[in-house]
There are 2 protein chains.
Amino acid sequence: MPGTLHRSPRKAKGAGAERREEILAAALRLFGEYGLYGVSTRHIAQAVGVSQPTLYAYFASKDEIAAELHARAFRELEARLKLGVRDVDTLEAVAASLRIYIDFGLENPDAYRVAFMIEGPHGRVAVAGPADESDVSVPGHTAFDILRRMIADLHARGLGAGDDPERMAQSIWAGMHGLVSLLIARPGFPWAEREALVAGHVRMLAAMAMRRDG
Amino acid sequence: MPGTLHRSPRKAKGAGAERREEILAAALRLFGEYGLYGVSTRHIAQAVGVSQPTLYAYFASKDEIAAELHARAFRELEARLKLGVRDVDTLEAVAASLRIYIDFGLENPDAYRVAFMIEGPHGRVAVAGPADESDVSVPGHTAFDILRRMIADLHARGLGAGDDPERMAQSIWAGMHGLVSLLIARPGFPWAEREALVAGHVRMLAAMAMRRDG
DNA sequence: ACAGATTACCGATCATCGATCACTTATCAA
DNA sequence: TTGATAAGTGATCGATGATCGGTAATCTGT
């Protein structure tokens, strides 16, 4: 007698798309704690309270769950940057804008890890949507564009004149990603006090973005 | 009749510890190309030309293979740093020392990925030896110590006086790791010309390490 | 030359993994 | 009441990391 069930599916009416959110919430928590490859689809299903095949009614694969979290993390980061990056006339203002990125990563290590630090198939970072990263529609490019525009803004004001703005933006991005990813990946390292470390780091990067000498 | 074999084991006399090296070489190449979780123990065994259980005669687990590669990558990096980091009296000299780290990562992306970028069990970076990263015997701390001493050297000469040397060293390390890991992980991103990007990045970091203002 | 110990290796097998399948149950529209 | 649809399940697939008992080649001591 296969397929017999004694529990009642659909606990409440119109549970429709909420299951999908439950799955994503559980997956985000578990991926952050145990890593993408340390969590099985059965673990996720158990955390949600459904059977394992049920996940495949909402996602085509485990990677697609990670890709959705990846895309959402980028959208959240972009939303924060759009709200937070305003005037960039002083070093403190530039540093504050850069902190938005770093604070996002440190406050959402699960999302940041899923978005930036988990190796996907073939050693590449998992990307939702088109696989061609030169496509500006790929999540993450919008976030980087905000940084790029900020640097271009500074350049138009005659700051950071000696360097190509594009290169400078990439250097600054790398500087921010490096600190966030290391703080997340190596919690056992004897780091300096975090607030001072982050504050000094963003001031360093902001100063480099604004310096007038070559 | 189980266990029957028609090929001859031990092709040449005294092949003893060479198998271990063959396994490590194959694993390094495959991990770099397909990622730690994109390569199975059967793939490694096939590349070496042995059966899969044979790997377990030389390593306790797949993770131990990765851990050995991790430790070797660190030793190689440390050797390069010890040889290359000398006088740090000019900005160019400091930048050249920092380039040793970045060039190592870009020239050995397989090793760098295994050492710094692959998430291990429980989302932590896989580490050979003691799990306590505050232990200085952990691979990687020696490499960082060289950087720390260089920064302390600058500090003793009255450069970078405004900042805590330890914090500065961690910021610089993060800046280097960020660029290397992003260049490796996101090859499809529209990066600026690599040589100019790297040269500008290390000059930026070196300038921060040596600046006299607060 | 021979016997025992050691080295190096293999086929078979295990639990678990991501994924697919046929099937059942609950709900709703006609 | 009936048919369609949404939602979920147990059984099962090939592949994975790891373990087991057993075999063939080599070495050592006599």
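A quick note: this is a predicted structure, and the numbers were derived from the prediction, not measured.
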Counting side-chain heavy atoms from CB outward, which of [options] is closest to [X]?
X	options	answer
A:Lys62	C:dG18, C:dG11, D:dA18	C:dG18
B:Arg42	C:dG18, D:dA7, D:dG17	D:dG17
A:Ser51	C:dC10, D:dG17, D:dG10	D:dG10
A:Tyr56	D:dT9, C:dT20, D:dT19	C:dT20
A:Thr41	C:dG18, D:dA18, D:dG10	C:dG18

Strictly below 4.0 Å: does [X] bring a side-chain N or O up to OP1 or OP2 of [N]?
X	N	value
A:Thr54	D:dG8	no
B:Arg19	C:dC9	yes
B:Ser40	D:dT16	yes
B:Tyr58	C:dC9	yes

For [Y], does its backbone N or O pair with a side-chain atom of [X] as donor and acceptor, under 3.5 Å?
X	Y	value
B:His201	B:Gly175	yes
B:Lys62	B:Val39	yes
B:Glu64	B:Ala60	yes
A:Thr54	A:Val50	no

Nucleotide [N], atom [atom2] - distance to [atom1] of [X] in whole Å:
X	N	atom1	atom2	answer
B:Ile44	D:dT16	CD1	P	11 Å
A:Glu18	D:dA6	CD	P	17 Å
A:Leu55	C:dT20	CG	C1'	13 Å
A:Arg20	D:dA7	CZ	P	13 Å
B:Ile23	D:dG17	CD1	P	14 Å
B:Asp63	D:dT16	CG	P	16 Å
B:Gln52	D:dC20	CD	P	14 Å
B:Leu36	C:dC17	CG	P	17 Å

**Prompt:** Knowing that exactly one of B:Val202, B:Val198, B:Leu205, B:Leu106 qualifies, which makes a side-chain contact (heavy atoms from CB on, under 4.5 Å) with B:Leu179?
**Reply:** B:Val198
